[in-house]
Amino acid sequence: GAVVSQHPSWVICKSGTSVKIECRSLDFQATTMFWYRQFPKQSLMLMATSNEGSKATYEQGVEKDKFLINHASLTLSTLTVTSAHPEDSSFYICSASITGTGNYGYTFGSGTRLTVV
Amino acid sequence: GESVGLHLPTLSVQEGDNSIINCAYSNSASDYFIWYKQESGKGPQFIIDIRSNMDKRQGQRVTVLLNKTVKHLSLQIAATQPGDSAVYFCAENIRGYQKVTFGTGTKLQVIP
């Protein structure tokens, strides 16, 4: 159980265009999802916390107008990279929170490799 | 805060030997810790977790040790196999808070 599906697994786009990445919880409801970015040989950097039915909470330094997050249902959160530039090329990973006795464990999607050319 | 590193430390281990991966966590208030395995091009995969009221927990071929005094966490992998080659991250969480903070990561290379 607790499977998170992320789509697409990779995407190449032209500079200036927008790209949408989907994150779905397949067998459970996720009121909270998280979006991470990971550069090569680095750790996961939390970008934002996505809450169903409300605005996302962005980490310091992450532009909310550039990285649009929508969490319209309990099983789907989307991240749209707007006006993408080569420096946005990265590995984007979503995760969903599984509540357990007050602590939070995560299950992760398989990631999306974004290349902006 | 977030842990960011430009270079992943690498641990090379002979197949069949035991591996020990270490992690220093940052927040003394953290009370839940998780080890993740990340293979190239994939998302992190849960391995094992431990709460702060424990100092040791065992799984299948893996053991996590927690030393709260020095804020240190370790992951021991018994009889390391080529399939264990990956990057391993420790992560910490505080009860009641959603945010999970990841450590820098360690690349494990298993030599056949």
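In what follows, every heavy atom counts, from backbone to side chain, and hydrogens, waters and symmetry copies are set aside. Below, chain A is the first sequence line, B the second, and so on; all start at residue 1. What you are looking at is a predicted structure, and each value in this text was computed from that prediction instead of being measured.
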Whatever's closer than 4.5 Å to a heavy atom in chain B on Gln38(A) counts as side chain
Examine whether an atom of Gln38(B) lies under 4.5 Å from a heavy atom of chain A, and if so say whether it belongs to the side chain, the backbone or both; otherwise answer neither. side chain
Heaviest contributor of heavy-atom pairs below 4.5 Å to chain B, chosen from Phe39(A), Phe108(A), Phe91(A), is Phe108(A)
Do Trp35(A) and Ser77(A) have a side chain donor and acceptor closer than 3.5 Å? yes
Applying the side chain to side chain donor-acceptor pair (under 3.5 Å) criterion to Ser19(B), which one of Thr80(B), Thr106(B), Asp84(B) satisfies it? Thr80(B)
Using 4.0 Å as the upper bound for N to carboxylate O, is an ion pair formed by Glu22(A) and Arg24(A)? yes
Do Tyr36(A) and Tyr92(A) have their ring centres less than 6.0 Å from each other? no
